[in-house]
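Positions are given from 1, in the same order as the sequence printed here. Both counts, for ligands and for their atoms, begin at 1 and track the order of listing. Basis for what follows: all heavy atoms, side chains included, without hydrogens, waters or symmetry-related copies.
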Amino acid sequence: DSELDKDLNLTGLTITVTAGPTQEAIDPVRFITNHSSGKMGYALASKALQYGAEVNLISGPVNLEIPAGVNYFPVKSAQEMLAAVQDKWPLSQILIKAAAVADYRVENIASSKIKKQAETLTLKLVKNPDILKWAGEHKQKEQVLCGFAMETENLLTNARQKMQAKNCDLLVANDLTTKGAGFAASTNVATILWPGKELSLPLQSKEDLALHILRACQELYRQKQT
Ligand code: CTP
Ligand code: CA
């Protein structure tokens with residue numbers, strides 16, 4: 001990756017990456033989740049490590065090998081992920097929020113297995129905390145915050161709105177309707193949004209996309225130091 005990693009040197013930086021889905025319990029044997037594979041976050045963590053960063057990987061449940069050398073923090077629910085981010089963000093220069101956090105959790109988790117009875121069952125869901133928004137509200141001026149956005153319509157308009165609402169410096173926008181993009185695939189199609197500009201990237205591996213994202217983070221971090 002001669003061009004892709006041009007000038008990439010993350011030595012001395014602590015980078016926190018969140019990855020994977022969250023799992024929201026219903027009862028002791030069931031949960032609500034999504035199709036996130038964790039591949040994007042794990043690619044970011046292993047590339048960041050390879051280019052010299054100290055890496056905290058906060059991960060929901062996935063079936064991937066933990067990159068040797070990262071500080072690994074396994075979590076299940078969004079609330080657990082928030083607690084881990086609250087712990088690590090103040091000590092990091094860069095936070096990349098690749099995780100697919102469940103927007104809602106079950107209000108009352110049943111303490112024993114729910115038995116089947118009536119023909120319908122209603123679960124009451126309550127909104128989870130927005131972890132990226134919390135990080136944006138607690139960002140120091142020299143820190144770089146990179147969010148993601150998953151959209152199926154109005155990609156760039158929605159993504160710009162999220163970027164602003166959550167006080168992100170960068171946002172990686174994924175159009176889930178594009179072939180080869182999104183959750184389970186090893187490839188991705190994304191647009192990296194910067195303040196005032198955007199970089200539309202063609203279909204590529206999540207490793208190559210990770211290098212683009214890390215270079216963008218590094219460039220913004222350097223700008224903030226001057
Ligand atoms: N995110 C988060 N905490 C949540 C929900 C989302 O930190 N409770 C983060 C994701 O990790 C991602 C970004 O917010 O970096 C955007 O996630 P996305 O699901 O695209 O946006 P939402 O703000 O949740 O809005 P919606 O799902 O309604 O489009
Ligand atoms: Ca969401």
*Which residue supplies the protein heavy atom nearest to atom 15 (O) of ligand 1, what is that atom called, and how far is it?*
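It is Lys97 O, 2.8 Å.
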
*Which residue and heavy atom of the protein sit nearest atom 13 (C) of ligand 1, plus the separation*: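 Its nearest protein heavy-atom neighbour is Phe148 O, 2.9 Å.
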
*Check which protein N, O or S atoms are less than 3.0 Å from the Ca ion (ligand 2) and report how many there are.*
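The number of such protein atoms is 2.
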
Just distances here: any N/O of [X] and N/O of ligand 1 closer than 3.5 Å?
X      : value
Ala102 : no
Lys166 : yes
Ile131 : yes

Any Lys/Arg nitrogen of [X] or [Y] sitting under 4.0 Å from an Asp/Glu carboxylate oxygen of the other?
X      : Y      : value
Asp208 : Lys47  : no
Lys124 : Glu107 : yes
Asp5   : Arg215 : no
Lys166 : Glu137 : no

*Determine, step by step, whether Glu54 and Asn71 satisfy the side-chain hydrogen bond (donor to acceptor under 3.5 Å, both in side chains) criterion, reporting the C-alpha distance in whole Å, the side-chain angles of both residues, the deciding distance to 0.1 Å, and the verdict.*
CA-CA 8 Å; Glu54 167 96 16; Asn71 308 312; 2.9 Å; yes

*So, for Ala159 and Glu151, which heavy atoms are closest and what is the spacing to 0.1 Å?*
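That would be N-OE2, 4.3 Å.
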
Between [atom1] on residue [X] and [atom2] on residue [Y], distance to nearest 0.5 Å:
X      : Y      : atom1 : atom2 : result
Phe31  : Ile109 : CZ    : CD1   : 13.0 Å
Leu214 : Gln218 : CG    : CD    : 8.5 Å
Leu8   : Tyr51  : CG    : OH    : 6.0 Å

_As a test of understanding, state which of Val126, Leu125, Ile26 forms a side-chain contact (heavy atoms from CB on, under 4.5 Å) with Arg105._
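Only one of Val126, Leu125, Ile26 forms a side-chain contact (heavy atoms from CB on, under 4.5 Å) with Arg105, namely Val126.
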
Quick check on contacts: which atoms of ligand 1 are under 4.0 angstrom from a heavy atom of [X]?
X      : result
Asp103 : 5 (C), 24 (O), 27 (O)
Ala149 : 20 (O)
Leu132 : 2 (C), 7 (O), 9 (C), 13 (C), 14 (O), 15 (O)
Pro129 : 3 (N), 4 (C), 8 (N)
Ala99  : 10 (C), 11 (O)

*Glu151, Lys133, Lys162: member with heavy atom nearest to atom 26 (P) of ligand 1*: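 Looking at heavy atoms only, the winner is Lys162.
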
*asked:* So, using side-chain contact (heavy atoms from CB on, under 4.5 Å) as the criterion, who are the partners of Ala78 when residues are at least two apart?
replied: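 Ala78: side-chain contact (heavy atoms from CB on, under 4.5 Å) contacts with Thr22, Glu24, Val101, Asn128.
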
